[in-house]
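Data first, discussion second: the structure below is written as structure tokens.
Heavy atoms only: backbone and side chains are in, while hydrogens, waters and symmetry mates are out. Reminder, nothing fancy here: chain letters follow the sequence lines and each chain counts from 1.
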Amino acid sequence: MRYSALRVIKEALTGHKGWTPAWRDVAPQAHYDYIVIGGGGHGLATAYYLARDHGAKKVAVLEKGWIGGGNVGRNTTIIRSNYLLDGNEPFYEHSLKLWEGLEQDLNYNAMVSQRGILNLIHSDAQRDAFTRRGNAMILNGADADLLSTQTIQKRYPFINVDNARFPIKGGLAQHRGGTVRHDAVAWGYARAADQLGVDIIQNCEVTGFRIQGGTCLGVETSRGYIAGGKIAACVAGSSGRLMSKAGMRLPIESHVLQAFVSEGLKPVLPGVITFGAGHFYCSQSDKGGLVFGGDIDGYNSYAQRGNLPVVEDVCEGAMAIFPMLGRVRLLRMWGGIMDMSMDGSPIIDRTHIDGLYFNGGWCYGGFKATPASGWCYAHLLARDTPHEFAKAYRFDRFEKGQMIDEKGVGNNPQLH
Amino acid sequence: MIINHPLLGPRDSAEFTYMGDAKLIDRPDWQAPEALAQFIDYGYMRDNPDGAHRELWYHEQGDRSFLVVTRDTTTHEIFAVELARDVARSRGQSR
Ligand SMILES: Cc1cc2nc3c(=O)[nH]c(=O)nc-3n(C[C@H](O)[C@H](O)[C@H](O)COP(=O)(O)OP(=O)(O)OC[C@H]3O[C@@H](n4cnc5c(N)ncnc54)[C@H](O)[C@@H]3O)c2cc1C
């Protein structure tokens with residue numbers, strides 16, 4: 001069924017009886033050409049582009065829980081392409097371009113909103129670093145705009161620019177950045193992939209791999225054995241746990257990241273704003289709630305909940321730049337498990353086992369990457385060569401000394 | 001989380017800095033023939049298990065000792081806390 005304004009009006013007049021489920025509920029078949037493990041944003045996008053652009057016929061997405069229950073439905077919904085390094089920036093800029101056309105592609109309202117993102121600057125050194133980053137973005141065809149303190153004060157009168165400890169010295173803005181309704185991304189990709197014949201199988205956990213003579217033949221699941229031509233792992237925070245079943249260790253640690261939403265307010269916050277002296281980022285959802293977050297809790301975790309010290313830290317960051325938030329009440333907070341890689345950059349690569357592929361290491365910035373990750377992973381799966389924009393995302397970059405380390409601080413599983 | 005420090009008793013985990021898998025105690029010998037492969041493994045690869053995990057916590061806001069904490073990564077429950085010094089010595093290291 002195609003969605004359109006006309007359809008909405010027709011359904012409104014006929015008691016909404018004509019809507020059908022957005023995707024089919026199917027039982028797994030015995031064999032697929034491609035098995036994507038993980039029905040998050042990345043897995044669903046991968047299946048969609050496999051079917052749409054590479055003519056893949058028999059594709060399944062296996063999801064242990066429900067579509068949208070993982071990080072794709074837990075994140076703070078920020079999209080941007082403000083990276084410095086050559087290995088990253090073309091990839092994220094491609095992703096932003098895909099976001100710009102996503103809703104037409106999928107015929108689904110994902111509420112892509114290019115309300116802009118502003119990274120605040122608090123010191124001269126930070127201004128130098130952000131200027132350099134802005135230049136790298138422009139060289140890669142993205143947009144970047146260095147704002148003065150006066151401009152910031154005029155556009156965002158509620159920001160405290162004279163904080164004694166963290167005065168605001170300017171900001172780097174990307175006006176094409178913004179937010180997207182996160183679970184609509186999962187639903188939109190699921191529906192579009194389903195229409196192209198992809199089987200989306202929920203409540204189907206992969207519990208093991210059948211590997212013979214160095215080749216992966218299929219997966220053991222909670223719904224029985226499923227054979228596959230190519231098996232594509234795409235489980236974000238569960239990467240370590242899943243790949244250990246294929247005997248693999250990864251350059252990844254799993255950590256918990258929390259997010260928060262306040263009670264609904266009238267429009268107070270235009271765009272996304274990030275604090276540059278602590279770790280705090282905030283936007284306002286269309287429903288009115290302030291959506292914000294900060295750092296990971298900082299210890300290995302597979303529990304989708306965090307602890308209180310980080311809550312305090314995030315709220316302190318909020319008060320430092322937005323004193324107006326002091327009286328706002330918190331509505332909800334939750335956690336998601338992040339696949340923290342050793343250089344803060346992802347991996348989209350083959351493994352040493354034939355027929356087994358890996359996509360992970362997204363840290364806590366993988367939502368914005370969803371379209372490009374699916375795009376590039378589908379390319380790798382279909383053609384067995386990395387996509388041009390993802391060719392730096394290799395497993396062997398660590399041993400070869402080619403880490404993609406945006407911050408320049410060396411190997412550390414707490415970057416992003 | 002409360003970490004039961006072997007010398008100081010129960011302490012808030014916020015006093016500590018997390019340093020990762022306790023296997024980092026076993027720094028490879030740089031003169032071993034396989035040192036390169038061992039250091040790549042040591043620097044980058046992690047077991048990252050769900051369930052019991054032995055890990056290093058540094059009491060940065062306290063007595064600055066390193067602890068080896070055995071903790072369940074799915075529940076945050078702590079099973080054992082040892083001084084990293086004792087663990088290292090039991091593994092034949094001088095300190
Ligand atoms: C609090 C928070 C805030 C964030 N904020 C942002 C942000 O503002 N901007 C941004 O760009 N990114 C953000 N991120 C990161 C982003 O959400 C993730 O990097 C991204 O969603 C990961 O890809 P995914 O959507 O495929 O993951 P997921 O949605 O987690 O998908 C993985 C799926 O695999 C399934 N799975 C796991 N194991 C198995 C198995 N054995 N068998 C079958 N299925 C399995 C899981 O159930 C899950 O549904 C944030 C994350 C969190 C938690």
Side-chain angles (χ1 to χ4, degrees), chain A residues 235 237-245 247-256 295-313 316 335 337-345 347 360-361 394-403 405 410-415, chain B residues 1-5 10-28 34-62 66-81 84:
Chain A
V235 296
S238 298
S239 293
R241 160 155 72 183
L242 178 71
M243 298 315 278
S244 72
K245 301 193 167 106
M248 286 180 70
R249 292 165 77 226
L250 303 172
I252 287 175
E253 275 183 11
S254 295
H255 285 255
V256 61
D295 252 324
I296 50 176
D297 273 38
Y299 43 82
N300 284 48
S301 176
Y302 283 98
Q304 290 188 116
R305 62 175 187 280
N307 273 309
L308 291 171
V310 167
V311 178
E312 186 179 3
D313 189 61
E316 281 170 1
I337 302 305
M338 321 289 27
D339 33 343
M340 303 300 297
S341 70
M342 281 290 168
D343 59 356
S345 296
I347 295 163
R394 303 165 58 96
F395 268 117
D396 65 5
R397 68 174 186 263
F398 299 97
E399 61 187 78
K400 294 205 164 141
Q402 292 164 347
M403 286 201 299
D405 169 13
N411 56 322
N412 180 341
Q414 309 217 357
L415 308 168
Chain B
M1 278 189 298
I2 302 290
I3 295 178
N4 199 1
H5 193 299
R11 310 298 310 183
D12 187 338
S13 66
E15 295 174 4
F16 294 79
T17 304
Y18 180 75
M19 308 297 284
D21 195 320
K23 285 189 180 154
L24 293 173
I25 289 178
D26 296 322
R27 190 180 170 83
E34 302 84 29
L36 181 60
Q38 286 172 356
F39 268 104
I40 289 167
D41 196 85
Y42 180 80
Y44 304 114
M45 305 304 276
R46 296 291 179 265
D47 289 342
N48 194 23
D50 60 341
H53 187 227
R54 273 163 68 85
E55 55 202 22
L56 286 169
W57 290 75
Y58 172 45
H59 201 193
E60 192 163 23
Q61 310 291 327
F66 279 77
L67 305 183
V68 174
V69 176
T70 309
R71 187 180 56 94
D72 189 324
T73 58
T74 62
T75 61
H76 300 160
E77 186 188 349
I78 293 175
F79 305 118
V81 184

Query raised in the report: At what distance, to the nearest 0.5 angstrom, does CD1 of I40(B) lie from NZ of K400(A)?
Result: 10.5 Å
Query raised in the report: Minimum heavy-atom separation for T74(B) to A303(A), with atom names?
Result: O-CB, 3.3 Å
Query raised in the report: Any luck finding a side-chain donor-acceptor pair between N48(B) and Y302(A) under 3.5 Å?
Result: yes
Report task. Would you confirm whether R46(B), through its side chain, and M342(A), through its main-chain N or O, come within 3.5 Å as a donor-acceptor pair? Result -> no
Report task. Indicate, with yes or no, if the rings of Y299(A) and H53(B) have centres closer together than 6.0 Å. Result -> no
**Report entry** Best-contacting candidate, V310(A), I252(A), I337(A), against chain B by heavy atom pairs under 4.5 angstrom
**Finding:** I252(A)
Requested in this report: With a 4.5 angstrom heavy-atom cut-off, could you sort out which part of S244(A) is near chain B: side chain, backbone, both or neither?
Outcome: neither
Query raised in the report: Who are the ring-ring contact (aromatic ring centres under 6.0 Å, His included) partners of F79(B), not counting sequence neighbours?
Result: none
Query raised in the report: Which one, D12(B), D41(B), D21(B), leads in non-hydrogen pairs under 4.5 Å with chain A?
Result: D41(B)
Query raised in the report: Non-hydrogen atoms of chain B under 4.5 Å away: do they reach the side chain of E312(A), the backbone, both or neither?
Result: neither
Report summary line: Those residues at least two apart in sequence (or on a different chain) that pass ring-ring contact (aromatic ring centres under 6.0 Å, His included) with F16(B) are H59(B)
Query raised in the report: Relative to each other, are the rings of Y44(B) and F398(A) parallel, tilted or perpendicular (30° and 60° limits)?
Result: tilted
Requested in this report: Working to the nearest 0.5 Å, report the span between CE of M45(B) and CD of E399(A).
Outcome: 8.5 Å
Query raised in the report: Between M243(A) and chain B, which part of the residue has a heavy atom less than 4.5 Å away: side chain, backbone, both or neither?
Result: neither
Requested in this report: Could you check which of S13(B), A14(B), P49(B) has the highest count of heavy-atom pairs closer than 4.5 Å to chain A?
Outcome: P49(B)
Query - Minimum heavy-atom distance between E253(A) and G20(B), given as atom pair plus value - result: OE2-CA, 4.2 Å
Report task. Select, from S341(A), G298(A), G240(A), the one with the greatest count of heavy-atom pairs under 4.5 Å involving chain B. Result -> G298(A)
Report task. Sort out for me which of N411(A), V256(A), N300(A) touches chain B most, counting heavy-atom pairs under 4.5 Å. Result -> N300(A)
Query raised in the report: Just by distance, do the side chain of D50(B) and the backbone of R241(A) share a donor-acceptor pair under 3.5 Å?
Result: no
**Report entry** Heavy-atom closest contact (N307(A) atom, H76(B) atom, distance)
**Finding:** ND2-ND1, 3.9 Å
